[in-house]
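The structure displayed is predicted, hence computed values, not measured ones.
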Amino acid sequence: MEKILVYGMTDTAGGMESYLMTMYRNIPKDKITFDFVTDWDKMAYQDEVLAGGSIIHHIPKKSDSIIGQITAFSKILKKHKEYKKVYFNIMNAGSFLNMIAPILFGRKIIVHSHSDFHENVRLHKIFKGIMNKFTSVKLACSIGAAEHMFTKRDINKGNYTVVKNAIDVEKFIFDAQKRDEKRKELGIEDKFAVLHVGRIVNAKNPIYLINIFAELLKMKPDAVLLYAGVGNMESDVRAHAEKLGVSSSIMFLGERGDIPELMCAADVFILPSVFEGFGIVALEAQTADLPCVLSDKLPDMVEITDNVRFMSIALPAKKWAEEISKITRTTRKNRYSDITKAGYNIKDETEKLLSIIL
């Protein structure tokens with residue numbers, strides 16, 4: 001059995017964390033074990049990981065002390081010689097700074113790119129070249145994410161592999177009983193339920209999201225926004241909702257463990273992101289056959305079913321609201337076959353990942 005040290009988990013259950021945990025739940029534990037190293041005080045899914053027998057190593061944030069992080073990471077690698085490979089799940093090449101210790105200790109670096117853009121462009125450009133020199137295995141959730149993270153030479157030579165952000169398909173299949181139960185639990189039986197799942201951070205465009213919903217309420221007074229997520233902009237977003245007078249129609253649900261049920265309960269899913277490497281939550285929504293209105297900043301490959309509408313975030317919020325208001329409740333289908341044929345079944349992608357990193 002091989003032990004792989006995994007970097008990339010934060011304290012919030014976002015798309016990348018969801019992907020890693022879905023992979024973690026499906027890897028054959030007799031062949032491979034994931035242990036985790038994180039620079040957050042508490043890691044998302046921490047209780048589940050510890051209950052599964054994995055180890056979580058905590059190191060200081062590089063923003064607090066890069067020397068402190070390198071020292072702490074070095075101590076871990078010195079003590080645990082069984083970690084021959086470190087699997088970095090990252091958004092930008094600035095994460096090269098997190099790789100210094102494993103590079104110094106001669107560990108194999110695996111990089112998995114989960115975004116096709118990042119706000120910290122300067123840091124990304126500075127470290128992109130040197131990070132690529134020390135990376136042995138190059139993975140990406142999409143071609144765009146590969147082009148963002150790896151060199152043009154690697155892209156032209158095909159020196160990378162797309163490992164899709166696959167999901168546990170069966171978990172997200174639409175279930176009418178779950179829909180009724182969740183709508184009753186939330187008290188939205190007679191409402192037009194708009195769902196958004198994502199961190200409340202700038203990348204997800206939360207202020208624009210609230211603007212869209214405010215416009216939608218003018219057209220559909222029975223609408224309710226189910227906002228699942230947490231983040232550093234939450235207070236700003238709540239204040240903006242108060243300012244627009246729409247707070248009473250928004251349910252801030254926080255970090256949730258019932259996303260499949262929420263997707264059954266909702267009538268439409270919206271994701272007006274500024275950028276996304278892939279947008280795994282949009283895949284989950286399509287698996288539940290939930291109509292999706294998505295930012296055109298998402299890659300085309302996220303469109304798996306005929307239930308997707310792409311829109312520009314440069315448009316007035318009213319245009320998004322008009323599109324959303326056209327959506328009517330229809331009988332929802334079982335999308336297992338569509339998602340699996342498109343290559344997003346976690347069982348298949350787990351085998352691909354293992355064949356590469358082992």
Side-chain angles (χ1 to χ4, degrees), residues 4-12 14-17 19-20 36-40 43 57-78 83-163 165 199 201-203 232 273-278 297 299 356-357:
I4 305 290
L5 189 59
V6 180
Y7 176 90
M9 294 288 278
T10 70
D11 64 341
T12 306
M16 188 162 70
E17 293 81 4
Y19 160 78
L20 282 171
F36 296 86
V37 58
T38 180
D39 44 16
W40 296 83
M43 192 181 88
H57 303 282
H58 293 273
I59 57 175
K61 283 183 169 66
K62 62 176 181 274
S63 57
D64 292 338
S65 171
I66 184 62
I67 300 300
Q69 182 179 104
I70 293 171
T71 302
F73 208 159
S74 296
K75 287 179 180 178
I76 293 166
L77 296 171
K78 190 174 182 180
Y83 299 139
K84 306 295 184 187
K85 302 164 187 172
V86 186
Y87 175 29
F88 284 90
N89 292 266
I90 61 176
M91 307 288 277
N92 75 93
S95 294
F96 171 74
L97 294 170
N98 303 102
M99 302 175 193
I100 292 174
I103 289 170
L104 292 174
F105 278 80
R107 305 303 162 87
K108 188 173 184 177
I109 304 295
I110 302 166
V111 167
H112 197 152
S113 174
H114 287 271
S115 181
D116 61 2
F117 175 78
H118 196 269
E119 293 164 304
N120 202 335
V121 177
R122 183 171 174 272
L123 201 63
H124 176 72
K125 287 182 176 179
I126 290 172
F127 290 108
K128 181 174 178 177
I130 190 169
M131 185 207 73
N132 274 269
K133 287 181 181 179
F134 286 99
T135 301
S136 300
V137 178
K138 299 176 181 181
L139 310 173
C141 68
S142 67
I143 293 173
E147 292 172 342
H148 167 66
M149 192 67 67
F150 308 129
T151 64
K152 287 184 179 179
R153 183 178 178 184
D154 283 317
I155 300 302
N156 292 337
K157 288 191 172 185
N159 292 339
Y160 69 94
T161 303
V162 171
V163 176
N165 280 347
R199 288 190 180 100
V201 296
N202 187 59
N232 61 15
S273 303
V274 176
F275 62 87
E276 292 278 355
F278 176 72
K297 299 298 182 180
I356 295 167
I357 67 176

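The two residues I59 and Q69 make their nearest non-hydrogen contact at CD1-CG, 3.6 Å. For the residue pair F150 and K128, the shortest heavy atom distance occurs at O-CE, 3.2 Å. Minimum heavy-atom separation, N92 to H148: CA-NE2, 4.2 Å. Taking both residues in full, the closest heavy atoms of I90 and M16 are given as N-SD, 4.0 Å, listed atom of the first, atom of the second, then distance. Between S113 and S115, the shortest heavy-atom distance links the atoms OG-O, 3.4 Å. Closest non-hydrogen pair, K85 versus I357, comes out as NZ-O, 2.6 Å.
Between the side chain of H58 and the backbone N or O of D39, no donor-acceptor pair lies under 3.5 Å. With T38 contributing its side chain and M9 its backbone, the two residues share a donor-acceptor pair below 3.5 Å.
Taken to the nearest 0.5 Å, the OH atom of Y160 stands 5.0 Å off from the CD1 atom of I155. Residue D154 holds its CG atom at 9.0 Å from OG1 of T135, rounded to the nearest 0.5 Å. Atom-to-atom distance recorded for R107:CZ and I4:CD1 is 11.5 Å, nearest 0.5 angstrom. Atom CE of residue M131 and atom CD1 of residue I103 lie 9.5 Å apart, to the nearest 0.5 angstrom. A distance of 9.5 Å separates CG in L5 from CZ in F36, rounded to the nearest 0.5 Å. To the nearest 0.5 Å, atom OG of residue S142 and atom CD of residue E276 are 10.5 Å apart.
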Derivation and outcome, side chain to side chain donor-acceptor pair (under 3.5 Å), residues E17 and T12: CA-CA 8 Å; E17 293 81 4; T12 306; over 6 Å; no
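Proximity of Y19 to N89: side-chain heavy atoms (C-beta onward) are separated by under 4.5 Å at one or more points.
Within 6.0 Å of NZ on K297 lie no more than 12 heavy atoms contributed by other residues, nucleotides or ligands. Taking a 6.0 Å sphere around CD1 of I143, one finds it holds 12 or fewer heavy atoms contributed by other residues, nucleotides or ligands.
Screening N159, T161, N132 for a side-chain hydrogen bond (donor to acceptor under 3.5 Å, both in side chains) involving K138 leaves a single residue, N132.
Ring geometry for F88 versus F73: interplanar angle of 30 to 60°, hence tilted.
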